[in-house]
4 protein chains.
Amino acid sequence: MNTEEAGARTREAAEAAILDHQDKDDAAAAYEAEAGEPAVLSGAAKRKLESRRKLMAAARKLFVERGYHETRPQDISREAGVGHGTFYLHFEDKLDCFLAFTEEAADELHVFVETHHAVAGSLDEGIRELLTAIFEYSDENPGVLAAALTDVSVISTGDTGKKMPVDRWADVWAQLMDRWKETGEAFAELDTKLAGYLIVGAIKQGGAYGHRRRIERPDMIEGMARLFVRALKK
Amino acid sequence: MNTEEAGARTREAAEAAILDHQDKDDAAAAYEAEAGEPAVLSGAAKRKLESRRKLMAAARKLFVERGYHETRPQDISREAGVGHGTFYLHFEDKLDCFLAFTEEAADELHVFVETHHAVAGSLDEGIRELLTAIFEYSDENPGVLAAALTDVSVISTGDTGKKMPVDRWADVWAQLMDRWKETGEAFAELDTKLAGYLIVGAIKQGGAYGHRRRIERPDMIEGMARLFVRALKK
Amino acid sequence: MNTEEAGARTREAAEAAILDHQDKDDAAAAYEAEAGEPAVLSGAAKRKLESRRKLMAAARKLFVERGYHETRPQDISREAGVGHGTFYLHFEDKLDCFLAFTEEAADELHVFVETHHAVAGSLDEGIRELLTAIFEYSDENPGVLAAALTDVSVISTGDTGKKMPVDRWADVWAQLMDRWKETGEAFAELDTKLAGYLIVGAIKQGGAYGHRRRIERPDMIEGMARLFVRALKK
Amino acid sequence: MNTEEAGARTREAAEAAILDHQDKDDAAAAYEAEAGEPAVLSGAAKRKLESRRKLMAAARKLFVERGYHETRPQDISREAGVGHGTFYLHFEDKLDCFLAFTEEAADELHVFVETHHAVAGSLDEGIRELLTAIFEYSDENPGVLAAALTDVSVISTGDTGKKMPVDRWADVWAQLMDRWKETGEAFAELDTKLAGYLIVGAIKQGGAYGHRRRIERPDMIEGMARLFVRALKK
DNA sequence: CATGAATGAGACTTCATTCAT
DNA sequence: GATGAATGAAGTCTCATTCAT
């Protein structure tokens, strides 16, 4: 499998995930995926997808603007222009909705990163490209990453058992670093798993700082890239 | 200002802050501060201090165990063994109590770090010492740092206008790095402010990861230290 | 009117009632009734009857297993394998469906009792036969009587104006006792109406008790029969 | 222990139960019980008892008038003239409140029966006295018995683990019959446990019937008594 | 006739805060 | 200063029913 294909497939999955709800009762989506093209949806299925799209958009808007605890299911419903009950037709509960938002954002960023060919190339370039992609996404979707990276443990004590965006993102970095270790660009003793988390943590906190202090994007990228490159390069 | 002085002042403030609450109506504390020594407290003031101590301990226990949103003022009062209303004699509201906990933890860590002479020494040693101090504190106070570093924006949308532990901690690192820049140990272009936040973010996220994966403390310290040193050293 | 005729008419009604719904728009049933025999049903009518049969079976299952308030129309539809909306094609509302279940059960028991020739014979034998029939029905249809005898006033405050199973059953007993009074087997001052209700109440409560305590069926029958016979016999 | 004492203690318990909530956090009540006399209650405790009294009265009124499902906690609170939250200060949930009502009624009836010396005497007299007491209570507290005897299984599927009024009442009858068996007044093979439930079921159903048909109280008592005496007497 | 997405009133419950004692 | 009963706005979620397809 080459990167192109991976990108394509991933994009597909991401787009599907935006509309779909996990692997639940969405026969139409399954059909679509199999057939490889939009296909004809029954009226009911179309309506349902439309509702979900509206709810997801509303949820994203409000979670970003107000945060998890300040957003009520009923606000999301109203913003989406659907009835209160419809919310619970699409999400098990509020947390489920938040996690769906979170996954959507992660998928989008994934697509974004891949389409920006950030993953290819040398350590120096790769890091800069990746940071650039991330900050570009952040520019186009202000606040989304910060909201999606919210620590769920602050929201719910019980483990959700889901892979959170933080983990996905840490993985992406870890894989990249594994490649750089193979090519001999990164130093040999590097613990890529741990480093993945450190980098994500750094970006998250640094991003918040930069946002608050209104630091220019290029400066942020340069400041971070310099440190990351130094830390990792052989 | 030399380190000694800074340390002394800071330690004093930290110790005071543990019992006191900022610049509120704490006659006893004010008196103590003016007099320059513990002094004899009136019965009522002693009782009040005792109540506050119990409340703070209870709050810490519950915020750590359950998190902010799962902890009710009533729970704190009961855990402290005081009446529900007493809570509001000592804190303006729940958030105020959380911030007090947060500051207490930050103060403690500060004291801990300073008493462990982590701040003195070369970049290599300094980083390792500091990380060691942090993880030792974390061992002695499990969960406290994670809880105290909770992003307040997840808790309340409105800005609290307070300097959060994250900021204090980032400052500590920044000051250290400034020194290393002066001594020529750190590379010249280093943006110490930004780097402070990146490091705190990395530690926070890395700490959570290590906790989840039950990574041994020395491995965590070594893994982090290696990266930080590489990133910063000239 | 002799027993034979009564039995025949009743059986007919019972069988009809299982499929039909009161005096609603059931063209097929009307046709059937007029023609006096099953006749050929149109495709649509056949489908409708099939839907109703499935809904009734599902309703019985769920009302018995979970009770009225824990059973939602949606559950019944899903269990029946029909669309949610179909439910309201066959029943005015949830209560209507419950009453249909209730009547079906009463009809079945009636048929059961009559086909077991429980009504013929002496007071002693009659009571034992009747109780035997009831408990046999209960064995074959566990929980159905308990569910069908549910006091509707617990379900809906407003009077439904319908003759509930309790009333029908009390009537059956009253008629029997009237016969025994005529034949001089029962004591003369017996208020058969009241006694009918007392007996039904006793059986209902006794049945629940026996079920909970897992009392053997013969013991239940003997225990009840002894008391009823003593109470009624001249 | 003689009947007098039992009566006295029971009455005390009943009165206490009306105000108290199980054996929960009501220190004042405990104190009162130990001291053997009303004692001085702290202001707070007095307020709390007053609230509970009002809530219990309101709950009884509404459960009787509208039934369980048509009565909302908030209706009870409003009727009682207290805030919504106060309800949950006194009852775990709506079911808990209903069960408290149910117990209160059972206790009252118990007291009523005992103070009417219904338990003493021969089988003939005893049955008539007991029925008289029951119907007098029912006259003074219209609808309360019917409501309190509501089958909880209709309300909640899960077992509450509590002894319901039905059971208590069946017990009372069973004990009486045990005595009559000892004195040789009741027939020897009598299964008093089962008979207790049969009688309660009969009274419950018969009472409902008599209420609906507006049968005069003496006629009800006579009709029932006749059957019960015949059923039980040697 | 059948479907199932949509609805929204309303149910139950919680909890941060107040205030009379 | 301390108490803890009281509060009621607000929150999450349910479910009987409708209606467009």
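Sequence lines set the chain letters: A, B, ... in the order given, protein chains first and strands last, and positions in each chain run from 1. Note that this is a predicted model, so its numbers are computed, not measured.
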Inset, instruction - Round to a whole Å and report the spacing from NZ of D/Lys46 to P of E/dA20. - result: 17 Å

Legend entry - Euclidean distance, C/Phe101 CZ relative to C/Lys61 NZ, rounded to 0.5 Å: 13.0 Å

Legend entry - Side-chain N or O of C/Arg72 closer than 4.0 Å to phosphate OP1/OP2 of F/dA16: no

Inset, instruction - Could you work out which one of F/dT17, E/dT3, F/dC15 sits closest to the side chain of C/Asp93? - result: F/dT17

Inset, instruction - Nearest 0.5 Å please: distance from the NE2 atom of D/His90 over to the CG atom of D/Asp96. - result: 12.0 Å

Inset, instruction - Look at the side chain of B/His84 and decide which nucleotide, out of E/dA9, F/dA5, E/dT13, has an atom nearest to it. - result: F/dA5

Inset, instruction - Would you mind telling me which of F/dA5, E/dA5, E/dT13 lies closest to the side-chain atoms of D/Ala44? - result: F/dA5

Inset, instruction - Specify the separation, in whole Å, of atom CZ of A/Phe98 and atom C1' of F/dC13. - result: 20 Å

Inset, instruction - Measure from NE2 on A/His69 to C1' on E/dT14 and round the result to the nearest Å. - result: 15 Å

Legend entry - Distance in angstrom units between D/Phe87 CZ and E/dA11 C1', rounded: 12 Å

Inset, instruction - Between A/Tyr88 and D/Gly81, just flag the one whose closest nucleotide in DNA chain F comes earlier from the 5' side. - result: D/Gly81

Inset, instruction - Report yes if a side-chain nitrogen or oxygen of B/His90 is closer than 4.0 Å to either non-bridging phosphate oxygen (OP1 or OP2) of F/dG1; otherwise report no. - result: no

Inset, instruction - Calculate the interatomic distance between B/Arg78 atom CZ and E/dC15 atom P; express it in whole Å. - result: 12 Å

Inset, instruction - Working to the nearest 0.5 Å, report the span between CG of A/Leu89 and OG of A/Ser51. - result: 8.0 Å

Inset, instruction - Select one nucleotide: of E/dC1, E/dA9, F/dA9, the one nearest the side-chain heavy atoms of C/Leu89. - result: E/dC1

Inset, instruction - Let me know the distance between CD of D/Glu70 and C1' of E/dG10, rounded to the nearest Å. - result: 13 Å

Inset, instruction - Would you check if the side chain of A/Ser77 reaches a backbone N or O of A/Pro73 as a donor-acceptor pair within less than 3.5 Å? - result: yes

Legend entry - B/Lys94 side chain, from C-beta outward: closest of E/dT17, E/dA6, E/dT3: E/dT17

Legend entry - Identity of whatever pairs with E/dA6 - Watson-Crick or G-U, under 3.5 angstrom: F/dT17

Inset, instruction - Would you mind checking if D/Arg53 and D/Glu50 are paired as a salt bridge, meaning a charged N to carboxylate O distance below 4.0 Å? - result: yes

Legend entry - Closest nucleotide among E/dA5, F/dT12, F/dA6 to the A/Arg47 side chain: E/dA5

Inset, instruction - Classify the nucleic acid contact of B/Ser51 as base, sugar-phosphate or nothing, counting any heavy atom under 4.0 Å across all strands shown. - result: sugar-phosphate

Inset, instruction - Whole angstrom is fine here: how far is it from CG in C/Asp75 over to P in F/dT14? - result: 12 Å

Legend entry - Comparing C/Gly85 and A/Val82 on DNA chain E - which has the more 5′ nearest nucleotide: C/Gly85

Legend entry - Integer-rounded Å distance: E/dT3 P and C/Leu55 CG: 9 Å

Inset, instruction - Please say whether the positively charged group of D/Lys94, taken as NZ for Lys or CZ for Arg, lies over the ring of D/Tyr88, i.e. under 6.0 angstrom from the six-membered ring centre and within 45 degrees of the axis. - result: no

Inset, instruction - Classify the nucleic acid contact of D/Gln74 as base, sugar-phosphate or nothing, counting any heavy atom under 4.0 Å across all strands shown. - result: nothing

